[in-house]
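Heads up, the thing below is written out as structure tokens.
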Amino acid sequence: MVTTRWMRAARAGLAGAVLGTAILAGGGPATLAQDANACEPAGGVQLPEAVDGKFNVAMVLIGPHDDGGWSQAHYEGLLHVCEYLPETHIAYVELVPEGPDAEQVFRSLARKGFDFIIGTSFGYMDPMATVAEEFPDSTFLHLTGFKSNGRNFGNFFGAMEDYKYLAGMLAGSRAKMDGETKLGYMATFPIPEELRLGNAMMLGIKETCPECTMDIRFINTWHDPVKERDGAASLFDAGAHVVFTGADTPANAIVAQERGKWAVTYDHPSSCTLDSCLTAPYWIWGPEYLRIAQQVKDGTYTAGYEYFDADSMAMGLYGFEEGQELQPGVAELPAEDIQLVRDTLEKMRNGEFTRFDVFAGPIMDNQGNVVLAEGERLDQSDLDQFPPGAPGAECDPCMYWWADGITAELP
Amino acid sequence: MSLEVLLAAGVASGTVLLLAALGEILTERSGILNLGVEGMLFVGALAGFKVGLETGNPWLGLVAAVLAGTALALLHAFVTVRLGADQTVSGLALTLLGTGVAMVLGEGLAGGGTGALLPTLTIPLLSAIPFLGPVLFTDQSIMVYVGLLLVPLCWWWVERTRPGLHLRAVGENPTAADALGVNVIRTRVIYTALGGALVGLAGATITMAISPGWNANQTTSGQGWIAVGLVIFARWSPWRALLGAWLIATIRRLALDLQGPDEILGIPNVFHLYQPATFFLDMLPYLLVILVVVLGSREAIRRRLGAPAALGVPWHRGERGL
């Protein structure tokens, strides 16, 4: 076949068209959406634009906004802000990987004129800190980290350990009732947050099942449904009767359902639809986001490190909140265990039982050492740091221990 | 930690890699390099999940996945076989296209639950075989058995039949094959399409059997790329692809299981004592892929590995052949 000029042109054109379509169809990792008026989710493939004359709020998500977990909980918080704060324009960017990509996204949003930018994953912290210095007119709120510049970059998180502790009580009760004393926790990364939550679960489990133990798998990801599934299967195959997840999706409940075992999911109430799910400690970000957005709009926001407890009502325990019914696996549990959870939950909501009561002595670690003696409590710096802690906020004993009953070594 | 349980899990999740690698082997044996495996895997995963979810029938989902994979592969065939464009560029564009199309059409499905599921089966008699029974034939997805049957079938077809001989001839020396009356263009288009069909099937295996549900950009976990590397690792042989797929999938699961026991065979377990060591196990499949792709990119080494001689080279009748 003789190659003509026409054919060369056609070839180049077609290859270009295929490549072009591919890029337009979303070759990049991020899809974007916004809606100026109705606070309705809308899909799009462009970076969202800010709207002149409105208060512009943008959110950056690590997963899809409809993941039924972590990202969806934040996304609903964003909708809440739009609904209750007049003259607000909201936008979100999803599936943004942690690291340099995230920095580009934050910079673009700030350049487009967003007034309030929320980043919802641990690894966004340093990118946000950098961009916040470049754009003093925008306010940046980072979740799950610890840094702040005291001006326009603050940090924000809540005491999920309160609710993981309650979930631990339910899981321990279930294990004891079924005569299976081994539980499992699928942790994400070896960071203080994951050790804190794991220890809170174990302390809760001990309340209802003193003889129970808990095995641990680190899966080294926040959001990878395939790996989450493997991690849960690994724990169940090793004999776990109830598996907790620290990651974003209900993969552990799906695997539990297949095997006739139990799971405790996380982040969002819709993660706990399967009968295998006992409960889900979850987030209700809306009211807290609204409060901070209002402050940012009014110019009264003080950037710092905010940490809320259960009395903020920004968290929930699936099955125990208004309008919810107990999951079938919980409804069968001994009445006194359920009552214990209800009573403790009530105290938490009233501010009478906080994270410092969860981590109150006596606490033993799994090496037989005393972490906290009777009557002692951990400080905030102990809760969220590995030793020796940040300069000026040194901690002792810090969050580098596994509670008695955990059958894993420290990471 | 039980070896049988570990291997059974490896066999199950390795099926995705196996089906995708078999498809790519057939395509490459005809001399066409298709780097769009990841894209085809995505559209197959989405088409299977979406059709399965909407009709409630996993078999219709499988058909849709096969058609979607085939359609994308035919685009590659048109651009590379008919127009003779660069196969690497077209394949990479196909990955972007397939991924992008699946993301757009999959918008809103991420919270959609597990959808229709392909059945799991225990094969009578075979499941009673010691060791092999529990590993291969007990409570496995039907796609595991499909994969197990396709391996000997592919081998027999390529190595022992007349159409298989034509296929190999086209991949080794298209000009000679053409002179002997083999339709080179048609052969290449057919095997590119067949490759796409198998990769589509692999995609549906993810979303309807191995990791049920649609998980947006995380659905395939980059397994399309591992499958491309696996083809070189397997040196274009279905049997070695089977071993490679099982090996990689088993290592993936082993990285998790190894965190459990405090000692293995009486030796203190470093992965239990020092969890970050498992990061290295996580890397192994990818290191393997990088290694074989680097090796495979050297012409001399590729020849020695047994790559089809005309792989990646456009062919037109009348132009000087190889």
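All chains are named by letter (A, B, ...) in the order of the sequence lines, taking the proteins before the strands, and each is independently numbered beginning at 1.
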For this session: Could you tell me which portion of A:Leu410 (side chain, backbone, both or neither) has an atom closer than 4.5 angstrom to a non-hydrogen atom of chain B?
Result: backbone

Exercise. Do the non-hydrogen side-chain atoms of A:Ile219 and B:Leu256 ever get within less than 4.5 Å of each other?
Worked result: yes

Seminar exercise, completed: Closest heavy-atom pair, A:Glu409 versus B:His272, reported as atoms and distance to 0.1 Å, is CB-O, 3.3 Å

Exercise. Heavy atoms, side chains only, cut-off 4.5 Å: are A:Ser234 and B:Arg253 in contact?
Worked result: yes

Exercise. Once you round to the nearest 0.5 Å, how far does CZ of A:Phe189 lie from CZ of B:Phe279?
Worked result: 6.5 Å

Exercise. Which one of A:Leu274, A:Val255, A:Asp230, A:Thr273 has the most heavy-atom pairs closer than 4.5 Å to chain B?
Worked result: A:Asp230

Exercise. Which answer fits A:His268, side chain, backbone, both or neither, if we ask what part of it has an atom under 4.5 Å from a heavy atom of chain B?
Worked result: neither

Problem set entry | Under 4.5 Å from any heavy atom of chain B - which part of A:Pro411 | both

Exercise. If you look at every heavy atom in B:Leu109 and A:Asp66, which pair is closest and at what distance?
Worked result: N-OD2, 4.0 Å

Exercise. Is chain B contacted by the side chain of A:Thr407, its backbone, both, or neither, given a heavy-atom distance below 4.5 Å?
Worked result: backbone

Exercise. Measuring heavy-atom distances to chain B, does A:Leu235 have an atom under 4.5 Å in its side chain, in its backbone, in both, or in neither?
Worked result: neither

Exercise. Is it the backbone or the side chain of B:Ile206 that comes under 4.5 Å from a heavy atom of chain A, or both, or neither?
Worked result: neither

Seminar exercise, completed: Here the gap from B:Ser211 atom OG to A:Ile254 atom CD1, rounded to the nearest 0.5 Å, amounts to 9.5 Å

For this session: With sequence neighbours left out, write down each residue that passes salt bridge (charged side-chain N to carboxylate O under 4.0 Å, His left out) with A:Asp224, or none if nothing qualifies.
Result: none

Exercise. For B:Pro212 and A:Arg229, which heavy atoms make the closest approach, and how far apart are they?
Worked result: CD-NH1, 3.4 Å

Exercise. Nearest 0.5 Å, what's the NZ-CD distance between A:Lys227 and B:Gln218?
Worked result: 11.0 Å

Exercise. Is it the backbone or the side chain of B:Thr95 that comes under 4.5 Å from a heavy atom of chain A, or both, or neither?
Worked result: neither

Exercise. Does atom CZ of A:Arg259 have more than 12 heavy-atom neighbours from other groups under 6.0 Å away?
Worked result: yes

For this session: Give, as side chain, backbone, both or neither, the part of B:Ala9 having an atom under 4.5 angstrom from any heavy atom of chain A.
Result: neither

For this session: Tell me, for B:Asp282 versus chain A, whether the close heavy atoms (under 4.5 Å) come from the side chain, the backbone, both or neither.
Result: side chain

Exercise. Measuring from A:Asp215:CG to B:Gln259:CD, what's the distance to the nearest 0.5 Å?
Worked result: 9.0 Å

